[in-house]
Amino acid sequence: MVNIGLIGTGYMGRDHCNTIVNKLTDCRLYGVADSNIDSAKETAEKYGARCFESAKDLISCDEIDAVVVVTPGWIHAENVLSALENNKYVFCEKPLSDSAEDCRRIVETEMKKSKRMVQVGFMRRYDKGYTQMKEVIDSKKLGEPLIVHCAHRAPQMYGVWTSKMHVTDCFIHEIDLLHWLINDEYESVMILKPRKSKHSKEEGSQIEEDPQVLVIKTKKGVIAEIEGFVSCRFGYDIQCEVVCDEGIVKLPDPSYPQIRVGGKSETQLEMDWTKRFIDSYPTELQEFVDIVNEKGNIAGPNAWDGYMAAVTADKCIEAQRTPGKFLNVEFQETPGFYKR
Ligand code: ISE
């Protein structure tokens with residue numbers, strides 16, 4: 001039985017609490033912490049967990065075997081590092097950090113341990129649609145990938161959303177996913193800034209520069225183009241299509257019945273990412289729990305994946321300042337510790 005301590009009881013944190021309590025086996029939600037103590041208390045009460053005064057108290061509690069970090073991206077690193085220093089396994093929501101330098105510190109700290117103890121919440125690698133696409137690509141029956149078209153459309157209704165967050169919170173998913181999906185490495189990135197959506201300026205919403213388009217060139221010469229549209233009002237709409245020599249493979253939409261009514265044919269779209277990837281969260285978290293139970297090596301997206309994504313993200317943030325210009329991305333060789 002793995003005792004989990006969860007830090008960050010905002011929207012995603014509470015969703016993970018629900019997953020841990022109602023969908024996982026061999027673990028329990030031991031405690032929660034949040035800088036907003038009322039939110040932590042409320043969540044602890046709802047899920048029958050202990051409420052900690054601070055993240056530090058939670059991490060150092062001897063009863064806790066594994067830490068789940070669901071705070072905003074810019075404070076991930078301090079909690080991940082402190083969990084590692086306390087010899088705890090840690091599942092960190094994406095991004096591992098919003099800076100490559102912090103990710104590097106995490107990698108260096110983890111490499112001093114005897115095993116990989118950090119998993120990053122890149123849940124799309126657990127989505128059935130993407131894993132089926134990967135199987136088709138890996139089988140080579142379509143030949144080699146040539147072009148990738150993606151859309152990441154999200155109704156990010158309220159609150160502050162900086163231009164940088166387009167990269168660290170939106171494109172970061174595709175940045176992690178695409179090299180895994182098509183078995184390639186990134187060479188350069190470019191950002192394009194189309195006309196601004198009127199919805200990005202609506203009352204209550206503070207979204208800078210939306211939509212944006214990320215273009216990635218890979219070492220094998222594939223061009224991937226990703227639309228990031230976070231003031232999209234019609235739904236949470238994730239698209240991915242890989243054009244290959246002999247055919248195309250496309251991410252399936254969530255399955256809903258087709259309805260014909262009033263002279264129209266309609267199919268429902270999701271409005272929320274927690275519903276769109278509802279099956280991926282328990283899968284990734286159960287895998288994490290099972291590894292903690294066996295005291296094994298993290299098998300899923302790890303700190304090196306988080307670091308590589310952050311190196312690419314840092315370049316994309318630089319590319320936001322020079323729209324229309326490709327900038328080269330430089331990676332270091334993957335250390336043996338992280339080779340699967
Ligand atoms: C959110 O933080 C997520 O992680 C979702 O997966 C992403 O699609 C959304 O745009 C983010 O805001």
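We count ligands from 1, going down the list as the structure has it; atoms in each ligand are counted the same way.
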With a cut-off of 4.0 Å, which atoms of ligand 1 are near a heavy atom of Lys94?
1 (C), 2 (O), 3 (C), 4 (O)
Heavy-atom neighbours of Lys295 NZ exceed 12 at 6.0 Å
no
Would you mind telling me if ligand 1 is within reach of the side chain of Met123, the backbone, both or neither, using heavy atoms under 4.0 Å?
side chain
Non-hydrogen atoms of Asp169 versus ligand 1: any pair closer than 4.0 Å?
yes
Please identify which atoms of ligand 1 are closer than 4.0 Å to at least one heavy atom of His173.
3 (C), 4 (O), 5 (C), 6 (O), 7 (C)
Heavy-atom check, side chain of Val242 versus side chain of Met133, under 4.5 Å:
yes
Nearest protein heavy-atom contact for atom 12 (O) of ligand 1: which residue, which atom, what distance?
Gln156 NE2, 3.1 Å
Give me the ring orientation class for Tyr236 and Phe277: parallel if the planes are under 30° apart, tilted from 30 to 60°, perpendicular past 60°.
perpendicular
for atom 10 (O) of ligand 1, nearest protein heavy atom and its distance come out as His152 NE2, 3.1 Å
Below 4.0 Å, non-hydrogen atoms only: which portion of Phe171 touches ligand 1? Side chain, backbone, both or neither.
neither
Which atoms from ligand 1 have a heavy atom of Tyr236 less than 4.0 Å away?
5 (C), 6 (O), 7 (C), 8 (O)
Do any nitrogen or oxygen atoms of Trp273 come within less than 3.5 Å of a nitrogen or oxygen of ligand 1?
no
Could you establish whether Tyr11 and ligand 1 come within less than 4.0 Å of each other, counting only heavy atoms on the residue side?
no
Quick one: which ligand 1 atoms are inside 4.0 Å of a heavy atom on Trp161?
12 (O)
Quick check against the 3.5 Å criterion: does Asp57 have a side-chain atom that pairs as donor or acceptor with the backbone of Phe52?
no
Aromatic ring proximity, centroids under 6.0 angstrom, His16 and Tyr281:
yes
Measure from the side-chain N and O atoms of His179 to the backbone N and O of Tyr186, and report whether any donor-acceptor pair falls under 3.5 Å.
no
Backbone N or O of Gly143 within a donor-acceptor pair of the Glu246 side chain at under 3.5 Å?
no
Using a 4.0 Å heavy-atom cut-off, which part of Phe277 comes near ligand 1: side chain, backbone, both, or neither?
neither
Validation row: Asp26, Val2 side chains within 4.5 angstrom (heavy atoms)
no
